[in-house]
Amino acid sequence: MTHLLLSFFCSFQLIRFYSSFNVSVRNIRITNSPQCHLKFDSSGGIKVKNITISSPGDSLNTDGIHLQNTRDVDIRSSSIGCGDDCISIQTGCSNVHMKNINCNPGHGISLGGLGKDNSLACVSDVFAEHINVENALYGVRIKTWQGGKGTVRNVTFSNVRVANVATPIAIDQFYCDAGGGGARCGNRSDAVGITGVAYRRVAGTYTYQPVRLACSDARPCTGVSMADVRLSPASATGAGGLRQPLCWKSYGEAMGMIEPTGIACLQRSNGFVMPLTKPFNYTC
Ligand SMILES: *[C@@H]1O[C@H](CO)[C@@H](O)[C@H](O)[C@H]1NC(C)=O
Ligand SMILES: *[C@@H]1O[C@H](CO)[C@@H](O)[C@H](O)[C@H]1NC(C)=O
Ligand SMILES: *[C@@H]1O[C@H](CO)[C@@H](O)[C@H](O)[C@H]1NC(C)=O
Ligand SMILES: *[C@@H]1O[C@H](CO)[C@@H](O)[C@H](O)[C@H]1NC(C)=O
């Protein structure tokens, strides 16, 4: 249980930059960190290039690169293998660009968990392109806790290739790890809002569920767009069998080829506008 809570804070890491600006990290290899490998906290102007991170897929809480309260980040041409999120983007991050990243194995690229313990979370302007995720639990994921406040906005995942990924595309507004405990995980009237998320050209194979958009009833996801998403079952799928795509309280549009179909909730709002059941009370 404790290790899962530590995962959220990434309290232990091999290399940490705190309150550091205009930092460049390149041409290094980091292997077998006991927990997070590389963390940037309260920093800005970060460039990471040509780094290799490798730890086993079953090593707990070993995020590859962990960002919090950090803006203007460029991570490129790097390979990350670990037992947790390949790149983890936490509250207070904006203008984060990722390009030519290989994640294998691990939990994919992840925004969150955000809004834990009713906290305010703000993440904006995230762009990930030419991302290759293999042998992972997720491909690209946004996860928020029930009861949080704030918003995630303007996120694009473009040219993502997946192979043997359990759930390639996921938005989970019901995120709750085992350390969260009973009542804290129930439905609440608040949630971190998610608006403006684009998936463009996401292709490859999955082993469990191709798309899982699970947004909250209190604050549905808006402006979610998908264009050219082609996901097919991997030849060896999980023992539990495959699940159909889930699309719950998520509004936006689907364009181009979408396979498999079954994300119809995206089309219902006819575009980007959708009646919010509650106004946004918290601006980031
Ligand atoms: C970081 O670089 C930017 C752009 O070159 C510059 O404007 C800024 O002052 C620098 N910040 C620090 C803390 O050196
Ligand atoms: C990338 O980093 C490795 C060390 O991990 C180094 O050997 C290699 O020359 C670097 N590549 C480039 C293009 O700088
Ligand atoms: C969305 O984020 C991208 C990447 O940071 C940025 O270039 C773009 O200007 C942002 N768009 C809006 C409307 O803020
Ligand atoms: C929360 O609401 C969702 C959607 O209405 C439902 O599927 C889920 O079972 C609920 N969870 C709890 C813990 O009540």
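Each residue takes its place number in the sequence, starting with 1. Read the numbers this way: they start at 1 and go in the same order the structure lists the ligands and their atoms.
No more than 12 heavy-atom neighbours from other residues, nucleotides or ligands sit within 6.0 angstrom of CE on Met257. Annotation for Arg16: atom CZ counts as buried by contact number, over 12 foreign heavy atoms lying within 6.0 Å.
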Under a 3.5 Å threshold, I'd like every N/O contact between ligand 1 and protein atoms, with atom names and distance.
unit_1: ligand 1; atom_1: 2 (O); unit_2: Asn22; atom_2: OD1; d: 3.1
unit_1: ligand 1; atom_1: 2 (O); unit_2: Asn22; atom_2: ND2; d: 2.3
unit_1: ligand 1; atom_1: 11 (N); unit_2: Asn22; atom_2: ND2; d: 2.9
unit_1: ligand 1; atom_1: 14 (O); unit_2: Asn22; atom_2: ND2; d: 3.4

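Note: Tyr175 and Trp145 have perpendicular aromatic rings, judged against thresholds of 30 and 60 degrees for the angle between ring planes. By the 30° and 60° cut-offs, the orientation of the rings of Tyr199 relative to Phe157 is parallel.
Distance check, rounded to the nearest 0.5 Å: OG1 of Thr167 to CZ of Arg141 gives 9.0 Å.
Residue Arg153 has no nitrogen or oxygen atom sitting less than 3.5 Å from a nitrogen or oxygen atom of ligand 3, judged on distance alone.
Checked options Ile101, Asn100, Ile51, Ile109; the residue passing with Ile75 is Ile101 (criterion: side chain to side chain contact (heavy atoms under 4.5 Å, CB included)). Each of Ile53, Asp84, Ile80 was evaluated against His37; a single residue qualifies, Ile53, per the side chain to side chain contact (heavy atoms under 4.5 Å, CB included) test.
Interface of Asn50 with ligand 2, defined as ligand atoms under 4.0 Å from a residue heavy atom, comprises 1 (C), 2 (O), 3 (C), 8 (C), 10 (C), 11 (N), 12 (C), 14 (O). Heavy-atom proximity to Asn95, at under 4.0 Å, picks out these atoms of ligand 3: 5 (O).
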